[in-house]
2 protein chains.
Amino acid sequence: MAATAPPPGSPAWWAARPAPAPAGERRRGRPSLDTAHIVDTALRLVDEHGTQAFSLRLLAEALNSGTATLYRHFEGKDEILAYVVDRVLGEAVLDDLAERGDWREVLTVTAHRFHDALRAHPHTLPLLIAQVPVGPHGLAQRERVLSALLAHGLPVDLAARAFTAVTHYVIGFTAQQYGPAAAPDDDPRLTAFYGGLDPAAYPALLQAARTLTSVPVDEEFAFGLGLLVHGLGHLHP
Amino acid sequence: MAATAPPPGSPAWWAARPAPAPAGERRRGRPSLDTAHIVDTALRLVDEHGTQAFSLRLLAEALNSGTATLYRHFEGKDEILAYVVDRVLGEAVLDDLAERGDWREVLTVTAHRFHDALRAHPHTLPLLIAQVPVGPHGLAQRERVLSALLAHGLPVDLAARAFTAVTHYVIGFTAQQYGPAAAPDDDPRLTAFYGGLDPAAYPALLQAARTLTSVPVDEEFAFGLGLLVHGLGHLHP
DNA sequence: ACCTGAACACCGTTCAAGT
DNA sequence: ACCTGAACACCGTTCAAGT
């Protein structure tokens with residue numbers, strides 16, 4: 001009867017959490033450590049040291065506690081990381097969307113804000129990918145954006161699909177551009193890498209690389225986003 | 001002088017590899033294990049057990065060898081996983097792109113093939129996100145697609161940005177839809193999850209969820225892709 | 001009742017000892 | 001010269017012993 005336990009971060013897993021909406025404290029009365037403080041500290045450590053170097057021992061030490069104590073607040077490392085990802089999504093929530101001029105503006109502003117939030121925490125991107133963003137903050141973001149799109153007259157099916165297309169684009173773009181392995185734009189090693197390729201073997205790629213490296217990344221982000229918004233405008237003026 | 005070592009999978013790291021183009025064997029003469037066989041086995045294990053459960057001890061056992069032996073072929077776990085990701089990208093390479101009717105078809109076919117390749121190996125998605133796909137197969141894919149787009153008359157700057165926008169969309173979409181934490185479309189727990197949300201707190205989200213769950217995922221993928229291609233057509237007829 | 005040191009079974013990586 | 005068992009310093013997680 002009891003199927004395999006759902007992986008932390010999946011919808012089924014979040015559904016089993018105490019309360020989807022508020023943060024507050026959880027689990028066994030009023031423990032000595034605040035859960036929000038644990039998540040904040042975990043995010044700071046992931047930002048500073050990366051996912052690889054993040055460990056419960058490191059987290060416990062930063063909290064002046066022991067690893068065993070963490071298990072009184074969370075089920076384990078995966079649960080902590082699921083809350084870290086949701087915390088990052090919380091930074092993408094905008095509450096003035098309804099005041100925007102039209103649905104195009106809502107979508108564009110949402111994408112840029114989401115982009116900024118993810119960019120601020122590049123080491124969390126591989127974690128975000130492994131999860132469906134349906135934690136409390138993820139749901140809040142989705143509700144606000146969809147609500148604003150509907151308020152501006154976009155049909156519900158278009159609004160839903162537009163949200164999916166835009167957020168997926170933002171995640172993919174940010175991950176590739178600012179992910180853990182990405183090089184800075186002006187990294188001489190990147191230039192050296194392309195310069196070291198055989199022009200006979202990669203003619204189109206090298207031609208494109210010359211064009212791309214001269215274009216600011218923000219413009220490239222806006223370009224793809226513009227394609228999506230523009231294409232959508234063709235379906236609903 | 002010597003900066004910190006570049007992370008495996010980054011452009012700088014790939015640049016330091018022996019040869020960007022061919023596969024073949026590498027490192028210290030002719031070792032007892034074929035590197036391609038190691039990578040194939042590693043991919044199989046990641047597919048079967050997930051990134052989390054994959055370990056060098058598991059890999060060594062599957063190869064009837066010891067973990068120390070693996071270090072005679074690769075620098076470590078990260079390097080093996082970088083090659084695993086590039087191997088998956090190899091499954092997305094198409095070689096009949098030049099025969100397509102126009103650049104729209106090239107882009108659409110590329111996206112679907114990429115989507116299929118990633119979907120076949122969902123556990124590699126978090127790894128792909130952590131990397132810039134500039135291994136041998138990644139470069140081959142990029143070169144072929146760009147070359148076909150140029151051959152069909154797309155200006156080089158549009159071709160480059162279109163490739164980026166489409167691949168990033170595919171990665172983001174596939175990760176969210178088929179990633180390790182994603183639930184199957186028809187998972188009753190997903191329905192239960194949305195059904196358990198407070199309709200007063202999430203009116204727009206629930207309205208959208210009803211629409212979305214009745215739409216096949218493939219159609220949703222095609223929808224976003226269509227937006228990108230259509231938007232691009234507005235810039236270059 | 002609540003907390004946690006110390007142990008458990010792992011992990012990636014190294015290296016001296018084998019052949 | 002090449003290979004690898006066994007060790008090293010970790011890791012996430014558990015639980016009996018402390019307060």
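In the text below, chain A, chain B and the rest are named by the order of the sequence lines, each starting its count at 1. Keep in mind that this is a model prediction, so the values were computed, not measured.
- At a threshold of 4.0 angstrom between heavy atoms, the contacts of A:Gly66 with the nucleic acid are absent.
- The CG atom of B:Asp116 lies 10.5 Å from the CD atom of B:Glu91; values are rounded to the nearest 0.5 Å.
- For the atom pair CZ of A:Phe193 and CG of B:Leu139, the computed distance is 4.5 Å after rounding to the nearest 0.5 Å.
- With respect to B:His168, the ring-ring contact (aromatic ring centres under 6.0 Å, His included) criterion is satisfied by exactly one of A:Phe223, A:Phe173, A:Tyr178: A:Phe173.
- The B:Ala68 side chain lies nearest to C:dT14 when the options are D:dT13, C:dC3, C:dT14.
- The nearest whole Å value for the distance from the CD atom in A:Glu75 to the P atom in D:dG12 is 16 Å.
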Based on Watson-Crick and G-U pairs with both distances under 3.5 Å, what dot-bracket line describes DNA chain C 5' to 3', crossing pairs as [ ] and inter-strand pairs as |? ||.|||||...|||||.||
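- When each of B:Val93, B:Thr110, B:Leu94 is tested with B:Val145 by the rule side chain to side chain contact (heavy atoms under 4.5 Å, CB included), just one qualifies, namely B:Thr110.
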Just do the salt bridge (Lys or Arg N to Asp or Glu O under 4.0 Å) check on A:Glu61 and A:Arg57 with the steps written out, would you? CA-CA 6 Å; A:Glu61 196 184 5; A:Arg57 278 169 172 85; over 6 Å; no
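- In the set D:dC2, C:dT4, D:dA6, D:dA6 carries the atom at the smallest distance from any side-chain atom of B:Thr67.
- Between D:dT4 and B:Thr69, a contact under 4.0 Å exists linking OP1 or OP2 to a side-chain N or O.
- Put simply, CG on A:Leu59 and NZ on A:Lys77 are 10.5 Å apart, with the number rounded to the nearest 0.5 Å.
- Listed nucleotides: C:dT13, D:dT4, C:dG5. Nearest to the side chain of B:Tyr71: C:dT13.
- How far CD1 of B:Ile38 is from NE2 of B:His73: 4.5 Å, rounded to the nearest 0.5 Å.
- Note: B:Tyr202 and B:Tyr194 fail the aromatic proximity criterion, with ring centroids not under 6.0 Å apart.
- Remark: the backbone N or O of B:Ile171 is not paired with any side-chain donor or acceptor of B:Thr174 at under 3.5 angstrom.
- Checking each of A:Phe221, A:Phe114, A:Phe163 against A:Tyr169 for a ring-ring contact (aromatic ring centres under 6.0 Å, His included) leaves exactly one that passes, namely A:Phe221.
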Sort me out a list of protein N/O and nucleotides 17-19 of chain D N/O pairs below 3.5 Å, or just none if empty.
none

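- At distances below 3.5 Å, not a single donor-acceptor pair connects side-chain atoms of B:Asp78 with backbone N or O atoms of B:Pro8.
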Identify the pairs formed between an N or O of the protein and an N or O of nucleotides 8-11 of chain C at a distance under 3.5 Å, and give each distance.
{"from": "C:dC11", "atom 1": "OP1", "to": "B:Ser55", "atom 2": "OG", "distance (Å)": "3.3"}

